[in-house]
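Input: a single structure, listed below in structure tokens.
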Protein chains: 2
Amino acid sequence: MTHPLDATFAALADPTRRAILSMLLEDDMAVTDVAAPFNMSLAAISKHLQVLADAGLISQEKRGRVKWCKLEPDALRAASVWMQGFGQFEPVNLDAFERFLALELPDTES
Amino acid sequence: MTHPLDATFAALADPTRRAILSMLLEDDMAVTDVAAPFNMSLAAISKHLQVLADAGLISQEKRGRVKWCKLEPDALRAASVWMQGFGQFEPVNLDAFERFLALELPDTES
DNA sequence: TCAATCGTCAACCAGATGGTTGAATAAGCC
DNA sequence: GGCTTATTCAACCATCTGGTTGACGATTGA
């Protein structure tokens with residue numbers, strides 16, 4: 001009925017949820033740890049995570065009493081592809097980003 | 001207060017609004033002509049166009065009694081590029097990425 | 001001048017959203 | 001077993017959203 005992009009974009013429209021995605025980009029996290037930086041109840045974060053999971057942007061796996069949250073970039077990629085097809089935007093220039101990083105962070109070579 | 005991506009993604013979350021953007025990709029259109037294919041009142045379409053304009057995705061210019069709607073792809077491009085931070089990269093320094101984008105997209109408001 | 005057209009405004013409505021609190025479920029620890 | 005931790009559930013609330021209808025101001029054209 002409703003297009004999957006509806007859920008993807010709606011999920012991305014909330015800054016708390018985008019922040020959660022940023023955190024999960026670093027590493028998988030438990031619900032409680034996701035909630036820690038936010039000035040908001042655990043239940044609220046739990047709901048946000050449900051929205052992200054329903055949109056396919058994350059997956060959740062329960063091990064023991066801890067529920068682990070993991071980024072699922074495919075849904076994001078679908079939305080990204082939609083937008084690029086839409087405006088025939090060229091993808092961001094990753095080489096330029098790497099040069100930017102090299103300029104900005106001369107010490108932290110990986 | 002609220003991040004401009006909030007408005008962009010919220011605007012994109014509605015299928016009617018995405019359809020309107022597709023139509024405007026072909027050509028600029030008057031409000032009445034935008035509304036024609038939809039099974040929905042003119043007032044509803046007018047509100048959708050306002051949402052798109054508030055998000056910076058379109059601009060509207062009134063000439064005579066006709067208001068012309070024009071696609072403004074910059075906001076879309078900003079969102080597209082933001083998503084590539086998740087969709088294409090392995091773990092990445094998002095703060096650095098956003099600073100990089102600020103340089104690449106100087107027009108897309110704070 | 002006067003009617004038709006273009007678009008918005010205002011009021012209203014149902015349902016979704018984002019948050020709270022407190023109780024409940026489930027798993028681990030001593 | 002009984003406390004503690006992890007997470008969700010349920011009820012509730014205020015606000016936002018997406019739609020309607022009808023009235024309205026502005027512009028056009030006969």
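Lettering follows sequence order; numbering is per chain, from 1.
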* Asked: Parallel, tilted or perpendicular: which describes the rings of A:W82 and A:F9, with under 30° parallel and over 60° perpendicular?
  -> perpendicular
* Asked: Quick one: B:D14 CG to D:dG19 C1', roughly how many Å, whole number?
  -> 11 Å
* Given side-chain contact (heavy atoms from CB on, under 4.5 Å), test A:I45 with A:T16 step by step and report yes or no. => CA-CA 9 Å; A:I45 296 295; A:T16 300; 4.2 Å; yes
* **From B:H48 atom NE2 to B:I20 atom CD1, the distance as rounded to the nearest 0.5 Å** => 6.0 Å
* So, for A:L76 and A:L12, which heavy atoms are closest and what is the spacing to 0.1 Å? -> CD2-CD1, 4.0 Å
* Whole angstrom is fine here: how far is it from CZ in A:F9 over to C1' in D:dG18? => 19 Å
* **Contact list for DNA chain D against residues 36-56 of chain A - heavy-atom distance below 4.0 Å** => A:L42, A:A43, A:S46, A:K47
* To do: Can you see which heavy atom on A:M23 is nearest to which on A:D33, and at what distance?
  => CE-O, 4.1 Å
* To do: Could you tell me, to 10°, how much the axis swings from one end of the helix from C:dT1-D:dA30 to C:dC30-D:dG1 to the other, five pairs per end?
  => 10°
* How close or far is atom C1' of D:dG18 from atom CG of A:D6, stated in whole angstroms? -> 13 Å
* Asked: Quick one: is B:R63 getting a side-chain N or O under 4.0 Å of the D:dT27 phosphate, OP1 or OP2?
  -> no
* Asked: Looking only at heavy atoms, what is the nearest atom pair of B:A11 and B:R17, with distance?
  -> O-NE, 2.9 Å
* Test B:L25 against B:L21 for side-chain contact (heavy atoms from CB on, under 4.5 Å), laying out the working first. => CA-CA 6 Å; B:L25 197 57; B:L21 291 177; over 6 Å; no
* Asked: What are the two closest heavy atoms between B:C69 and B:V31, and how far apart are they?
  -> SG-CG2, 4.0 Å
* Asked: Between B:A53 and B:Q60, what is the shortest heavy-atom contact and its length?
  -> CB-OE1, 3.8 Å
* Is A:R77 salt-bridged to A:D74, cutoff N-O under 4.0 Å? -> yes
* Can you check side-chain contact (heavy atoms from CB on, under 4.5 Å) on B:R18 and A:D6, steps first, answer last? -> CA-CA 9 Å; B:R18 288 198 307 276; A:D6 294 3; 2.6 Å; yes
* **Heavy-atom contact window of chain A on DNA chain C, given 5' to 3' at under 4.0 Å** => C:dG18 to C:dG28
* Asked: Could you state the CZ-P distance from A:R65 to D:dA6, rounded to the nearest angstrom?
  -> 6 Å
